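Structure, as structure tokens:
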2 protein chains.
Amino acid sequence: MSLPHAILTALLEKPSSGLELTRRFDRSIGYFWSATHQQIYRELGKLEADGLIRALPSQQPARGQKKSYEVLPAGRAELARWTAASQDPKPHRDTLLLRLRAAAVVGTAGLETDLRRHLELHERQLAEYEEIEQRDFPPGRDGTEDRLRHLVLRAGIDLETFWTQWLRRALADFAELPDGEPT
Amino acid sequence: MSLPHAILTALLEKPSSGLELTRRFDRSIGYFWSATHQQIYRELGKLEADGLIRALPSQQPARGQKKSYEVLPAGRAELARWTAASQDPKPHRDTLLLRLRAAAVVGTAGLETDLRRHLELHERQLAEYEEIEQRDFPPGRDGTEDRLRHLVLRAGIDLETFWTQWLRRALADFAELPDGEPT
DNA sequence: ACGGTTTATGCAACTAGTTGCACAAGGTGA
DNA sequence: TCACCTTGTGCAACTAGTTGCATAAACCGT
């Protein structure tokens, strides 16, 4: 339900082709709304058919040819409507927590290694976010757009901070546990 | 990919019928792996067909009759295998962050009310978790199972704490913003 | 000038999750 | 006693997301 709106947002920030969008999703929007290139192309087709975006002229739409899109007024209106509409938070699904709970009944064998790996991944992500913060949000700038985008980035930073801390605590706990566990 | 394992975990904790599972998902496991009753019934069917669980005897399987399941050795083995297997974290998707980012381009109109509503929801959830912590994990108990389950609950508490704090900061930021925004 | 890699677009089939509804049994009040 | 509500099980259709592959142009070295 939100992919089209993620794409509209990205296109408003800058008109792009499918592949450019894919890359931008990998770098920024994708941090909280990931999408594969196939999803993106499919959705671009739908959005165009619905009259919310259109292909920029100047290139004929041939295979292996770049095709860029821009947002039409109807698309901007739809995005504004969606942004303002009240929405319930979707329940999260987290495999790692589920595995921990499963480990309480079938034993913790093998889990510790993966906790360590997750910790590394989250540390790396955190470092990346902090780099972005330093680069894009130096102190002193406070336009509305910057403020909002910075807020989103802060959410990312704080979430990764939470995970690294929680994983460290989990690993410390594991160290004290009798290993193996009953089966 | 994880629903069957969530169900196996729940059934190992206590053999149950479909509806009982549904209720328990709403209360505990569902906090990090939600599922509707239809999903659960379908999955119970598959798990039974695969020989990982079986219906407890003593009730004939008629419509509108309770039918309880228990985990078979093959099911326990599968759960242990899955728990130990290394898995990559799935990227999160968060609509609220996406909407904030969209608001940076189409304006913040209408968003603040919903931020406030989300804050309330997260505060309520946090209170619920803290109640569970006090009830189920009084200081002093430290069996392995308790330790692990407490760790999972701590993740829930810390996550909700993060959200409430982040939302308060966001609302404070909003208060300073020129409202309305360009279109 | 031709074979391989990169860039770019896209289809088809599959898996997981959601929504809406149907059906049966048992209890409850009028 | 019969209409209605609750409890419990389940099917079918739909939506969203994933995986695997096909195609085509352009660029690049030899």
Side-chain angles (χ1 to χ4, degrees), chain A residues 1-8 10-11 15-26 29-30 32-50 53-56 58-69 82 87-95 98, chain B residues 1-8 10-11 15-26 29-30 32-50 53-56 58-69 82 87-95 98:
Chain A
M1 263 314 293
S2 313
L3 179 58
H5 302 102
I7 292 179
L8 287 171
L11 286 181
S16 310
S17 68
L19 197 65
E20 280 163 358
L21 277 178
T22 305
R23 292 206 223 283
R24 289 172 56 204
F25 267 70
D26 286 344
I29 294 199
F32 48 92
W33 203 276
S34 65
T36 61
H37 69 111
Q38 291 88 342
Q39 273 179 285
I40 288 170
Y41 283 117
R42 211 191 320 179
E43 207 60 48
L44 283 172
K46 277 191 216 161
L47 288 168
E48 190 178 23
D50 292 351
I53 63 173
R54 70 162 177 195
L56 286 179
S58 87
Q59 289 113 183
Q60 70 282 39
R63 254 181 166 212
Q65 284 297 101
K66 247 195 205 172
K67 197 165 60 170
S68 284
Y69 293 90
W82 177 81
Q87 288 174 51
D88 285 328
K90 289 246 163 111
H92 300 109
R93 296 208 160 102
D94 191 293
T95 323
L98 190 55
Chain B
M1 262 314 290
S2 314
L3 179 58
H5 303 102
I7 292 179
L8 287 171
L11 286 180
S16 310
S17 69
L19 197 66
E20 280 162 358
L21 277 178
T22 305
R23 291 206 223 283
R24 289 172 55 205
F25 266 71
D26 286 343
I29 293 198
F32 48 92
W33 204 276
S34 66
T36 61
H37 69 109
Q38 290 88 344
Q39 273 180 283
I40 288 171
Y41 283 118
R42 209 189 326 177
E43 206 59 48
L44 283 172
K46 277 191 217 161
L47 287 168
E48 190 179 25
D50 292 352
I53 63 173
R54 70 163 178 195
L56 285 178
S58 86
Q59 290 111 181
Q60 70 282 37
R63 254 185 162 207
Q65 283 297 101
K66 247 194 205 171
K67 196 164 63 170
S68 284
Y69 293 90
W82 177 82
Q87 287 175 51
D88 284 327
K90 289 245 164 112
H92 301 109
R93 295 209 161 100
D94 192 293
T95 323
L98 191 55

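To find a chain, count down the sequence lines: A is the first, B the second, and so on, and within it residues start at 1. This structure is a prediction, so every number in the text was calculated from the model and none was measured.
As a whole-Å value, the separation of B:Leu47 CG from D:dT9 P is 15 Å. A:His5 places its NE2 atom 12 Å from the P atom of D:dG17, with the value rounded to the nearest Å. Straight-line distance from the CG atom of B:Leu21 to the P atom of D:dG8: 12 Å, rounded to whole Å. For A:Leu44 and C:dT9, the CG to C1' distance is 10 Å, given to the nearest whole Å. In this structure, B:Arg24 atom CZ and D:dG8 atom P are separated by 14 Å, rounded to whole Å. Rounded to an integer number of Å, the gap from CD1 of A:Ile7 to P of D:dG17 is 10 Å. Summarising the geometry, the separation between CG on B:Leu19 and C1' on D:dT6 is reported as 11 Å, rounded to the nearest angstrom.
Between A:His37 and B:Tyr41, it is B:Tyr41 whose nearest contact on DNA chain D lies nearer the 5' terminus. Along DNA chain D, the nucleotide nearest B:Lys90 and the nucleotide nearest B:Tyr69 are compared for position; the residue whose nucleotide lies closer to the 5' end is B:Tyr69.
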Atom pairs and distances, side-chain donor-acceptor, residues 15-25 of chain B, under 3.5 Å, sequence neighbours left out:
residue : atom : partner : partner atom : Å
B:Ser16 : OG   : B:Lys14 : O            : 2.8
B:Ser16 : OG   : B:Arg24 : NH1          : 2.8
B:Ser17 : OG   : B:Glu20 : N            : 3.4
B:Glu20 : OE1  : B:Ser17 : N            : 2.9
B:Glu20 : OE2  : B:Lys66 : NZ           : 3.4
B:Thr22 : OG1  : B:Gly18 : O            : 2.8
B:Arg24 : NH1  : B:Ala10 : O            : 3.2
B:Arg24 : NH1  : B:Lys14 : O            : 3.1
B:Arg24 : NH2  : B:Ala10 : O            : 2.9

Between the protein and nucleotides 13-16 of chain C, which nitrogen or oxygen pairs are less than 3.5 angstrom apart?
none

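Under 4.0 angstrom from either OP1 or OP2 of D:dG10 there lies at least one side-chain N or O belonging to B:Lys67. OP1 or OP2 of D:dT9 sits under 4.0 Å from a side-chain N or O of B:Ser17.
Checking side-chain atoms of A:Arg93 against main-chain N and O of B:Phe32 turns up no donor-acceptor pair under 3.5 Å. Panel note: side chain A:Gln39, backbone A:Thr36; a donor-acceptor pair is recorded below 3.5 Å.
Atoms CD1 and CD1, from B:Ile7 and B:Ile29 in turn, are 9.0 Å apart once rounded to the nearest 0.5 Å. With rounding to the nearest 0.5 Å, the separation of OH in A:Tyr69 from CD1 in A:Ile53 is 6.0 Å. The distance from the CG atom of A:Asp94 to the NE2 atom of B:His92 is 5.5 Å, given to the nearest 0.5 Å.
Taking each heavy atom of A:Trp82 and A:Met1 in turn, the nearest pair found is NE1-O, 4.2 Å.
No hydrogens or angles were tested; on distance alone, nothing pairs the side chain of B:Gln38 with the base of C:dG17 as donor and acceptor under 3.5 Å.
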